[in-house]
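In what follows, a single structure is set out as structure tokens and then discussed.
Note that the coordinates shown come from a computational prediction; the quantities given were computed from them, not determined experimentally. Here, residue 1 is the first one in the sequence, and each next residue gets the next number. Below, each value reflects all heavy atoms present in this structure, side chains not excepted, and no hydrogens, waters or symmetry copies.
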Amino acid sequence: MAGATLLTGAAAARTRPRTSPASPGTRSPSASARPPASAGPADPGFAAASVPVGGALRVSAPGSGDPVYVQQPKAGEYTALSGLCTHARCTVNPPKDGRFLCPCHNSSFDAATGAVLQGPATEALARFGITRTGDRLHLQPGADPTG
């Protein structure tokens, strides 16, 4: 059966990736287009063109495979924020109206900075650095070196 699976309960949301139709301006790569879980010289990254200007692309973090949203607020400028809520590690919904919203307990985060806008979360979403090699983008684990 094709389509999204409806999950009920916060426990289900924490243990399985949330699947839903893509929001406008958000793309979700096919499994074959996702970067591998481990970063390194063989890491192919992902196409810069797959991140829509003014939108986001959900990819997997190097090493952990956790969800990360790569955004391109202006042409050629990229940011990356963890897709895991800092309250209970639920996967947040794609950015909409300038916010990430956690479906488990309704924490919300600023889509540009990851800052908490509404609890119960008390810590910002983690930032990732991004490097560009030709037409490919690569996530760098840890804090974004640009601040």
Side-chain angles (χ1 to χ4, degrees), residues 4-5 7 10 12-147:
T5 303
L7 299 176
R14 283 191 297 267
T15 59
R16 292 190 197 164
R18 188 174 193 287
T19 59
S20 63
S23 299
T26 303
R27 296 184 185 173
S28 190
S30 67
S32 63
R34 290 188 182 167
S38 62
D43 175 16
F46 49 94
S50 66
V51 183
V53 176
L57 175 72
R58 182 175 156 175
V59 298
S60 297
S64 70
D66 289 339
V68 175
Y69 288 101
V70 178
Q71 301 176 86
Q72 186 177 191
K74 296 179 185 175
E77 293 181 16
Y78 300 93
T79 63
L81 293 168
S82 171
L84 291 181
C85 178
T86 56
H87 171 246
R89 296 191 48 84
C90 296
T91 300
V92 298
N93 292 330
K96 182 178 178 184
D97 300 326
R99 296 176 177 222
F100 289 102
L101 179 65
C102 179
C104 295
H105 303 106
N106 293 318
S107 290
S108 65
F109 304 87
D110 183 275
T113 66
V116 175
L117 298 174
Q118 174 183 312
T122 58
E123 295 180 33
L125 297 175
R127 296 178 65 118
F128 286 77
I130 300 176
T131 57
R132 184 171 185 161
T133 305
D135 65 350
R136 310 294 290 173
L137 298 175
H138 304 271
L139 290 178
Q140 303 299 311
D144 179 354
T146 62

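- Contact of the Phe128 side chain with the Val70 side chain is not registered, since no non-hydrogen atoms from C-beta on lie closer than 4.5 Å.
- Legend: residues meeting side chain to side chain donor-acceptor pair (under 3.5 Å) with Asn106, ordered by chain and number and at least two apart, are absent.
- Heavy-atom minimum distance, Leu139 versus Ala61: CD1-CA, 4.3 Å.
- Counting heavy atoms from C-beta on, the side chains of Val68 and Leu81 never come closer than 4.5 Å.
- When side chains are defined from C-beta on, Phe100 does not count as touching Cys85, because their heavy atoms never get closer than 4.5 Å.
- Listed by chain and number, the residues in a salt bridge (charged side-chain N to carboxylate O under 4.0 Å, His left out) with Asp66 are Arg89 (sequence neighbours excluded).
- In terms of modelled atom types and a separation under 3.5 Å, the side chain of Arg99 and the main chain of Ser108 share no donor-acceptor contact.
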task = List the steps, then state whether disulfide bond (SG atoms under 2.5 Å apart) holds for Cys102 with Cys90.
result = CA-CA 7 Å; Cys102 179; Cys90 296; 4.4 Å; no
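- Judged purely by atom type and a 3.5 angstrom limit, Arg58 has no side-chain atom pairing as donor or acceptor with the backbone of Ser60.
- Annotation for His105 and Ala88: closest pair CE1-CB, 4.1 Å, computed over non-hydrogen atoms.
- Residue Ser107 comes nearest to His87 through the heavy atom pair OG-CB, 4.3 Å, listed as atom of the first residue, atom of the second, then distance.
- Within the 4.5 Å cutoff, the side chain of Val92 has heavy atoms near those of the Tyr69 side chain.
- The distance from the NE2 atom of His138 to the CD1 atom of Ile130 is 11.0 Å, given to the nearest 0.5 Å.
- Gln72 approaches Ala48 most closely through the heavy-atom pair NE2-O, 4.4 Å.
- Pro103 places a side-chain heavy atom less than 4.5 Å from the side chain of Asn93.
- Taking every heavy atom of both residues into account, Val116 and Ala121 meet most closely at CG1-O, 3.3 Å.
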